[in-house]
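First comes the structure, then the notes that go with it.
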Amino acid sequence: MDKRDYIDLIKVAEAIMRLERACVCMTGCTFDEGECYEVYFLWEVLRRNAATRFHYTDDLDKDTSNYQEFMGILKSEELTAEEKYDRLVM
């Protein structure tokens with residue numbers, strides 16, 4: 001995946017997170033509590049195309065740590081999409 005596509009997908013993920021916050025305000029539910037849980041597959045696409053240190057591993061503790069670090073960057077409101085790309089891919 002090239003840089004532009006990855007950054008655009010980060011922007012889509014950011015928009016999904018904003019929509020989910022609005023959904024929680026209106027319904028009290030997140031997307032994983034209903035029919036929209038499939039939007040989270042985007043996170044897996046981003047993770048598979050991120051640096052190896054963020055990839056899935058069979059070691060549950062290591063995988064949890066990798067995922068938390070990945071999500072910490074993706075959810076950051078201080079970083080631009082371009083900065084997130086640099087941290088996730090480089």
Side-chain angles (χ1 to χ4, degrees):
M1 178 178 308
D2 71 14
K3 180 177 181 175
R4 181 177 174 198
D5 289 340
Y6 199 91
I7 289 171
D8 285 348
L9 289 178
I10 288 172
K11 291 176 182 179
V12 171
E14 291 171 339
I16 290 169
M17 288 184 276
R18 287 191 301 273
L19 287 169
E20 185 172 45
R21 283 193 298 270
C23 184
V24 168
C25 288
M26 293 184 301
T27 68
C29 297
T30 61
F31 289 151
D32 62 349
E33 298 174 66
E35 303 259 340
C36 296
Y37 74 92
E38 292 170 332
V39 299
Y40 295 122
F41 290 139
L42 173 59
W43 277 244
E44 294 308 316
V45 171
L46 290 170
R47 189 175 179 201
R48 284 193 303 269
N49 286 276
T52 306
R53 71 179 184 276
F54 298 115
H55 289 189
Y56 172 82
T57 178
D58 289 332
D59 178 334
L60 183 59
D61 291 334
K62 179 68 175 159
D63 187 58
T64 300
S65 174
N66 292 353
Y67 188 74
Q68 287 175 345
E69 184 179 357
F70 169 82
M71 287 305 296
I73 295 168
L74 194 59
K75 287 184 171 184
S76 173
E77 294 184 6
E78 290 81 36
L79 299 173
T80 66
E82 291 79 7
E83 291 168 327
K84 289 176 185 181
Y85 170 85
D86 289 340
R87 292 184 187 197
L88 292 172
V89 176
M90 302 300 172

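With hydrogens and angles ignored, the 3.5 Å screen pairs a side-chain donor or acceptor of Tyr6 with a backbone N or O of Leu46. Between the Asp32 side chain and the Tyr37 main chain, no donor and acceptor come within less than 3.5 Å of each other.
In this structure, the side chains of Arg53 and Phe70 stay at 4.5 Å or more apart for every pair of heavy atoms. Contact of the Ile7 side chain with the Glu82 side chain is registered, since non-hydrogen atoms from C-beta on lie closer than 4.5 Å. The side-chain heavy atoms of Met1 and Leu9, taken from C-beta on, include a pair separated by under 4.5 Å. You'll find the side chain of Leu74 reaches within 4.5 Å of the side chain of Met17, heavy atoms only. Between Met71 and Trp43, the closest side-chain pair of non-hydrogen atoms falls below 4.5 Å. Proximity of Glu33 to Thr27: side-chain heavy atoms (C-beta onward) are nowhere separated by under 4.5 Å.
Closest non-hydrogen pair, Lys84 versus Leu79, comes out as CE-O, 3.6 Å.
Remark: Arg47 CZ is packed, more than 12 non-hydrogen atoms of other residues, nucleotides or ligands lying under 6.0 Å away.
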Practice task
Could you give me the CA-CA distance, side-chain angles and deciding distance for Gln68 and Ser65, then say whether side chain to side chain donor-acceptor pair (under 3.5 Å) is met?
Solution key: CA-CA 5 Å; Gln68 287 175 345; Ser65 174; 5.8 Å; no
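Between Phe31 and Tyr40, the ring planes are tilted. Angles from 30° to 60° get that label.
Between Arg18 atom CZ and Glu77 atom CD the span is 9.5 Å, to the nearest 0.5 Å. Annotation: the span from Arg87 atom CZ to Ile73 atom CD1 amounts to 7.0 Å, rounded to 0.5 Å.
At a threshold of 4.5 Å between side-chain heavy atoms, the hydrophobic network of Ile, Leu, Val, Met, Phe, Trp and Tyr places Tyr67 and Tyr56 in two separate groups.
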